[in-house]
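Okay, so here's the structure we're looking at.
In what follows, every chain begins at residue 1, and chains take the letters A, B, ... in the order their sequences are listed.
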Amino acid sequence: MMILYIKRAIQDLRNNRFLATITVAVISVSILIVSDFALFLVNVHDLMASWRSGLRVQVYLERELSLADRQKVEQQIRQAREVRDFRFISRDEALEIFKSQLRGQASIVADLKENPLPDAFELQLIPEYQDPKQIEMLADSLTAHPAVESVEYGQKWLGRFSAVFDVVAILGYAMGALLLMAAVFIVGNTTRLVLYSRSEEVTIMRLVGATDGFIKAPLYIEGVIQGLIGGGVGLAASVLTFLFISSGSFQSMVAGGVQIRFLPPSWIAGILAGSMAAGWLGCHVSLKHIFKS
Amino acid sequence: MMDAVDKPPIIRMFHVHRYFGGQKALVDVTLDIYKNEFLFVSGPSGAGKSTLLRLLYLGESVTEGQVLVDGMNLSRISQKRIPMLRRKFGIVFQDYKLIPTKTVYENVALVLEAIGKHRRLIPKKVRSVLRLVGMEARAASFPPALSGGEQQKVAVARAVVGDPDIILADEPTGSLDSDSADVIFDLLKTFHNRGGTVVVATHDQNLIRKTGARIIRLDRGHLQPSADTCYDDSLH
């Protein structure tokens with residue numbers, strides 16, 4: 001029976017080529033916009049992850065600190081669940097590092113009468129805890145210790161960037177939902193037009209004993225096929241976008257050393273499934289309305 | 001000879017009324033139609049013949065009264081069971097009601113597809129029915145390319161292909177010349193001779209006289225009590 005339904009669905013699509021083409025085109029454009037946005041989100045996410053992986057938290061200690069106080073701070077750091085690893089950097093070692101970084105401009109530090117740098121702990125965080133809010137909470141708890149002068153984790157802008165990214169992501173999801181709703185509406189409209197153009201045929205089918213399921217099944221399949229083709233074309237167009245932005249000069253300009261990648265297979269499957277679901281849903285809404293009336 | 005009325009009724013109508021707003025299409029019709037009967041429903045235009053047929057396959061529902069088809073009470077039938085009821089009937093319409101975008105073959109095969117016949121069995125069955133009505137050579141044609149008589153033959157083929165218990169024919173020869181009308185009537189007789197029940201709504205007195213089957217007359221929705229019922233051996 002399913003083969004018969006699929007054959008009828010394909011025949012209907014052929015008979016209503018113009019409507020089907022319009023529907024597929026609208027779905028394609030919707031999917032192109034959604035998948036291009038997803039491409040942007042995935043790659044910006046990668047970029048932020050790469051920035052975060054290099055993140056170090058510096059805990060600067062008060063001067064003239066006793067060993068016992070230093071050990072208390074060390075104990076607190078050891079107990080913090082966010083910390084993957086840490087090391088103590090004495091002020092002398094810090095100066096050496098500083099000097100090595102200023103190689104060629106050694107005169108800048110040569111005239112120093114005393115080492116201005118404090119003792120410090122350098123912390124590396126567990127990736128799951130590299131969220132800006134959690135880093136800030138850790139920094140606050142360490143700063144509260146009387147032996148800690150300050151906590152620096154550089155790249156504070158990362159938090160602000162992350163907040164903007166979150167807003168953009170939410171806007172993206174909302175836009176995706178709106179576009180999918182547009183696809184649902186368009187497929188629903190196509191189904192309605194197809195049914196109106198075939199109202200006599202539907203009447204005859206009912207008179208010869210066809211069930212509503214027999215009449216509806218090919219239309220559902222048409223909706224899903226239109227969703228699948230529209231989704232496929234939209235994703236193919238998105239591949240072209242990807243090829244453009246991953247081309248040499250653009251890659252270095254936008255990605256800051258991160259290799260731009262296309263959407264992962266699970267995202268592609270999700271977008272195609274969403275597109276087919278939109279086709280099915282559009283058909284369902286339309287049929288429910290028409291068959292009820 | 002065994003009269004059809006000796007057989008159990010397949011259709012029963014009890015005090016059936018059908019109104020359209022204030023318009024009375026059928027008034028207090030009580031009627032039995034028997035298995036393997038050939039029945040004419042006669043009367044002038046607007047008498048309620050077509051309405052009576054439509055009530056049987058739930059093309060319309062009664063305003064008052066009860067209709068039973070093969071034991072099914074149509075007042076109590078659920079929406080889901082209506083297709084099952086309609087599969088008991090093969091319906092021939094005056095305006096043929098063929099799907100113009102489907103070929104002759106597809107129009108006839110549609111019935112078998114709709115009732116869930118295995119697709120391997122469909123071609124053989126459709127070909128044999130088209131051969132019976134003399135339309136096998138036109139299987140690939142589309143209805144608009146056929147004459148009225150040919151279209152009605154296809155409509156008869158579609159009506160009988162699902163092996164229904166009952167054929168309902170609403171003015172089946174109304175728009176045909178006499179030769180084509182004879183062919184259609186012969187096809188209905190063939191179905192009847194194979195054990196089927198046939199109900200024909202017509203005002204074609206020549207056709208009725210020619211056959212001599214039982215006739216019921218309707219006039220402005222009322223069943224006439226003095227229905228002139230006569231029998232032709234070939235129809236019982």
Notebook entry, point to check: Measuring heavy-atom distances to chain A, does Phe89(B) have an atom under 4.5 Å in its side chain, in its backbone, in both, or in neither?
Noted result: neither

Checklist line | Heavy-atom closest contact (Glu106(B) atom, Gln11(A) atom, distance) | finding: OE2-NE2, 3.9 Å

Checklist line | More than 12 heavy atoms of other groups within 6.0 Å of His17(B) NE2 | finding: yes

Notebook entry, point to check: Can you find a pair of side-chain heavy atoms, one from Ile204(A) and one from Arg158(B), that are under 4.5 Å apart?
Noted result: yes

Check: So with a 6.0 Å cut-off around CE of Met181(A), is the heavy-atom count from everything else above 12?
Finding: no

Checklist line | Proximal component of Ile215(A), with respect to chain B [non-hydrogen, under 4.5 Å] | finding: neither

Check: For atom CZ of Phe20(B), is the number of surrounding heavy atoms from other residues, nucleotides or ligands below 6.0 Å larger than 12?
Finding: yes

Note to self: Could you check whether atom CE of Met137(A) has more than 12 heavy atoms from other residues, nucleotides or ligands sitting under 6.0 Å from it?
What the structure shows: no

Margin query: Please classify the contact of Ile82(B) with chain A as side chain, backbone, both or neither, using a heavy-atom distance under 4.5 Å.
Written below: neither

Checklist line | Distance in Å, Ile115(B) CD1 paired with Thr211(A) OG1, rounded so as to fall on 0.5 Å steps | finding: 11.5 Å

Next item on the list: Identify the two heavy atoms, one from Pro83(B) and one from Gly209(A), that lie closest to each other, and give their separation to 0.1 Å.
Entry: CB-O, 3.5 Å

Note to self: Can you confirm whether more than 12 heavy atoms, excluding those of Phe185(A), are under 6.0 Å from its CZ atom?
What the structure shows: no

Notebook entry, point to check: CG of Leu243(A): more than 12 outside heavy atoms within 6.0 angstrom?
Noted result: yes

Note to self: Could you check whether any side-chain heavy atom of Arg86(B) comes within less than 4.5 Å of a side-chain heavy atom of Val208(A), counting everything from C-beta outward?
What the structure shows: no

Notebook entry, point to check: Just wondering, are more than 12 heavy atoms of other shown residues or ligands nearer than 6.0 Å to NZ in Lys24(B)?
Noted result: no

Notebook entry, point to check: Can you say whether Lys88(B) sits under 4.5 Å from chain A via the side chain, the backbone, both, or neither, judging by heavy atoms?
Noted result: neither

Check: Can you tell me how far the CG atom of Leu110(B) sits from the CD atom of Glu201(A), to the nearest 0.5 Å?
Finding: 7.5 Å

Checklist line | Student check: side-chain heavy atoms of Leu207(A) and Lys97(B) closer than 4.5 Å | finding: yes

Notebook entry, point to check: Has Arg119(B) got more than 12 heavy atoms of other residues, nucleotides or ligands less than 6.0 Å from its CZ?
Noted result: no

